[in-house]
Amino acid sequence: MTQLWHISFGMIRTRLARGLAWAMGLERSQKRAIVFTFDVALCVIASFAAFSLRVGALSFPLVPPLIFAGLATLWFMPVFIATRVYSNIFRFAGARTIGQLAVATSVTAIPLIVIVMGFTLPGIPRTIAILHPILFFGLVASSRILLRSLVVDLVLTGAQDGGVSRVLIYGAGSAGQQLALSLRHEPRVHALGFIDDDIRLARQRIDGLAVYHSQSLEEVIAARDVDTILLALPGASRTRRSQIVEDLRHLNVHVRTLPNISEIAEGKVSINDLREVQIEDLLGRDPVVPNELLLARTIVGKSVMVTGAGGSIGSELCRQIAANGAARLILFEMCEFSLYQIERELEIARDAQKLDTLEIIPVLGTVLDADRLAWVFAKWSPQTVFHAAAYKHVPLVELNPVEGMRNNVLGTLEVVRAAEVAGTAHFTLVSTDKAVRPTNVMGATKRGAEQIVQAAAQRQNATRFSIVRFGNVLGSSGSVVPLFRQQIEAGGPVTLTHCDVTRFFMTIPEAAQLLIQAGGMAKGGEIFVLDMGQPVRIADLAQAMIELSGLTVRDTANPDGDIAISEVGLRPGEKLYEELLIGSNPQSTMHKRIMKAHETCLPEMRLNALIAALRGERDRSQVLLRLHELVPEFQHDRDNLRGDRRKAQRA
């Protein structure tokens, strides 16, 4: 009998779904006609129901309720059309739709009450004018909600490939509640309830959804077969978000999150705002409130130039410089498309934020072109320069050491000289942790660039030269995070160069903000080192990203896992561990996240001689030899270097 019932129910469900699908395929005018006819029928039913309630019986004369139904129908038709009731789409019916129906039925009730109360209509009690609108509203509103449920559950969900995602929303605040409302219109998502840290909300219900305490999360996931957790905690600190994400890692659920509160507009939270958990959600370090004095010292009211303005760091520097009151912003970039993108973005931001006094000047050029630089400095007289132009991709620079040296070393020299001649007040070199005891060409060229800036600072000229050194920034070109995500989406494996590799990470906005503040503290010759927090083991990062995607790691302990992690070997010149200081005596500054180091450099005469030798060099082996002399701590394939040196001496 039970099996027969299931078969019958399934047949009814299938036929109903087909009927609804057919109706959804009709023209809009045809759909409205069907709904209108349906509402007329409900109006008649409401009339008979009102009479039945009034007389307390199921049998009564048919003529009076038919007369009243005719009056009600003649009046509700123009009212419903005028209030645009039939412009609504059923699959999106919600609170606003019900509110619109309430207004329309209330307007319909007014003349009916006046007619019935003011005139004696044979066989029609006066209370019918009160009962009918109430019943009519209930029937019409119920029909909208019922049809919405049928359309979403039977038609739209049935048309989707795969099953329905069963989700819990972590956070029962306003953002979580708005997200839950948005999920009602998603046929492939079924919201099961809320998770919240507030014990007072446990066992309560919000808009029909149960609220569970976070301590019972594991039990709820198992009991309700949850496959996705949506974090709706836009106001939570990064530390708290990190704790929650870490707790969710081992629960075999897919974790997605709303952005930080500063990234979303209040009252406009939807499923479209959700994104994958980012590495910054795992770092657990809250940004420090910026020192406004340091931000303004080299920016407000000044002419500021950024080289490499279209790059990851350069573009963020431009955004923050524009927002902090610069009078003129010179965008110096050799890539036409990157320059176009950042210029367009800044112009839109300038109009939106009403930064009418900001002058944006896009300049195409390379830092190796001394004449172009001289012209730019002479024409626009930048008072502050942030030199971010550099080749930074380690494997590519390793394969192209000549061009890496020319752009990173000789390019820095040309910008430094142009700044000195123009009398620029502040010059800040954007450097990297890979310049510390470098093992790759990119790091060696950046350490060479640092020494050029250090030598310029020792000349006691009008320009204050400084260096800011930091590690990896999240979201930059070549970052490991998007690579891991692509590999996970493709089904793996996730590739590591070595299981013990660690790296420092910082968000691009925080790095740019600290960089500007460090420049504001410069007296000349300092190497500022940004506090990058604790180093992150890349293997742990890969495992966390896999687990937060609702998948498991496939290894010897779990051969049936979803995604394997494989080692491919260290790339040429790659370190296991990065460092930020050559020495071990960093000094504190007025900013808690910025340290200061004074590191030695080659004597200027020796430095100039080596740079002169590099200037005209195009041979790879000779460039590597010269870089080794320029940066004595450069540990780059020393056996090959010795062989190249012996060959050069024999020649």
field: Candidates Arg372, Arg406, Arg615 - the one meeting salt bridge (charged side-chain N to carboxylate O under 4.0 Å, His left out) with Glu414
entry: Arg615
message: Can a donor-acceptor pair be found, under 3.5 Å and without considering hydrogens, that links the side chain of Glu316 to the backbone of Ala512?
response: no
task: Nearest 0.5 Å please: distance from the CD1 atom of Ile538 over to the CZ atom of Phe484.
output: 6.0 Å
Minimal non-hydrogen separation, Ala539 against Cys499, with atom names: CB-O, 3.5 Å
- prompt: Is a side-chain donor or acceptor of Gln517 paired with a backbone partner of Gln513 at a separation under 3.5 angstrom?
  reply: yes
Verdict with reasoning, Tyr391 to Met442, per side chain to side chain contact (heavy atoms under 4.5 Å, CB included): CA-CA 7 Å; Tyr391 290 147; Met442 193 279 280; 5.9 Å; no
query: Looking only at heavy atoms, what is the nearest atom pair of Arg626 and Ala613, with distance?
result: NE-CB, 4.0 Å
- request: Heavy atoms only: give me the nearest Glu333-Ala309 pair and the separation to one decimal.
  value: OE1-N, 3.4 Å
- prompt: Are Ser315 and Gln341 close enough that some pair of their side-chain heavy atoms sits under 4.5 Å apart?
  reply: no
query: Within the side chain of Lys446, is there an N or O that forms a donor-acceptor pair under 3.5 Å with the backbone of Val430?
result: yes
Side-chain donor or acceptor of Gln487 paired with backbone N/O of Thr495 under 3.5 Å: yes
message: With heavy-atom distances below 4.5 Å as the criterion, would you say the side chains of Ile313 and Phe470 are in contact?
response: yes
message: Can you give me the closest heavy-atom contact between Ala456 and Val416, atom names plus distance?
response: CB-CG1, 3.7 Å
field: Min side-chain heavy-atom separation Gln458-Glu604 under 4.5 Å
entry: no
Inter-residue atom distance Leu294.CG - Met590.CE, 0.5 Å rounding: 4.5 Å
- request: Could you grab the distance from atom CG of Leu496 to atom CG of Leu541, nearest 0.5 Å is fine?
  value: 9.0 Å
query: What is the distance from atom CD1 of Ile299 to atom CD of Gln320, rounded to the nearest 0.5 Å?
result: 9.5 Å
- request: Using modelled atom types only, decide if a donor and an acceptor are shared between the side chain of Ser338 and the backbone of Cys335 within a distance under 3.5 Å.
  value: no
- request: Compare all side-chain heavy atoms of Ser466 with those of Phe427 and state whether any distance is below 4.5 angstrom.
  value: no
message: For Trp380 and Trp375, take the angle between the two ring planes, folded into 0 to 90°, and tell me which bin it lands in: parallel under 30, tilted 30 to 60, perpendicular over 60.
response: perpendicular
task: Give a yes or no answer on whether the side chain of Asp619 reaches the backbone of Gln622 with a donor-acceptor pair at less than 3.5 Å.
output: yes
message: Against Ser431, only a single residue in Arg447, Arg469, Glu450 fulfils side chain to side chain donor-acceptor pair (under 3.5 Å); can you say which?
response: Glu450
task: Take Cys318 and Leu331 through the test side chain to side chain contact (heavy atoms under 4.5 Å, CB included) and record every step on the way to the result.
output: CA-CA 8 Å; Cys318 291; Leu331 315 174; 3.4 Å; yes
message: Heavy-atom count check: over 12 atoms from other residues, nucleotides or ligands less than 6.0 Å from Arg344 CZ?
response: no
message: Testing the 3.5 Å rule here: is there a donor-acceptor pair between the side chains of Glu398 and Asn440?
response: no
message: Using side-chain heavy atoms (C-beta onward) and a distance below 4.5 Å, is Thr445 in contact with Leu627?
response: yes
Side-chain touch Arg319/Glu345, heavy atoms, less than 4.5 angstrom: yes
task: Decide if atom CD of Glu336 counts as having more than 12 heavy atoms of other residues, nucleotides or ligands within a radius under 6.0 Å.
output: no
- request: Return the minimal non-hydrogen interatomic distance between Pro382 and Thr424, and the atom names on each side.
  value: O-OG1, 3.2 Å
- request: For the pair Leu515 and Thr428, evaluate side chain to side chain contact (heavy atoms under 4.5 Å, CB included) and give the outcome as yes or no after the intermediate values.
  value: CA-CA 8 Å; Leu515 201 155; Thr428 302; 3.9 Å; yes
Check against side chain to side chain contact (heavy atoms under 4.5 Å, CB included), Val397 and Lys392: CA-CA 7 Å; Val397 176; Lys392 64 179 185 179; over 6 Å; no
message: If we ignore hydrogens and angles and just use 3.5 Å, is the side chain of Thr589 paired with the main-chain N or O of His591 as donor and acceptor?
response: yes
message: If you define the side chain from C-beta out and look only at heavy atoms, does anything of Ile563 sit under 4.5 Å from Val553?
response: no
message: Are the side chains of Ile330 and Val304 in contact, using a 4.5 Å heavy-atom criterion?
response: no
- prompt: Hey, does the side chain of Asn407 reach the backbone of Glu403 with a donor-acceptor pair shorter than 3.5 angstrom?
  reply: no
message: Could you tell me if Thr463 and Glu420 have a donor-acceptor pair between their side chains, going purely by distance under 3.5 Å?
response: no
Interatomic distance, Phe634 atom CZ to Thr439 atom OG1 [nearest 0.5 angstrom]: 8.0 Å
query: Between the side chain of Glu526 and the main-chain N/O of Gly524, is any donor-acceptor distance below 3.5 Å?
result: yes
Contact summary for Ala542 and Ile565, nearest pair of heavy atoms: CB-CD1, 4.2 Å
- prompt: Passes side-chain hydrogen bond (donor to acceptor under 3.5 Å, both in side chains), His387 versus Thr307? Steps please.
  reply: CA-CA 5 Å; His387 178 42; Thr307 69; 2.7 Å; yes
- request: Look up atom CD1 in Ile361 and atom CE in Met305, then write down how far apart they are to the nearest 0.5 Å.
  value: 10.5 Å
- prompt: Is there a donor-acceptor pair under 3.5 Å between the side chain of Arg620 and the backbone N or O of Val402?
  reply: no
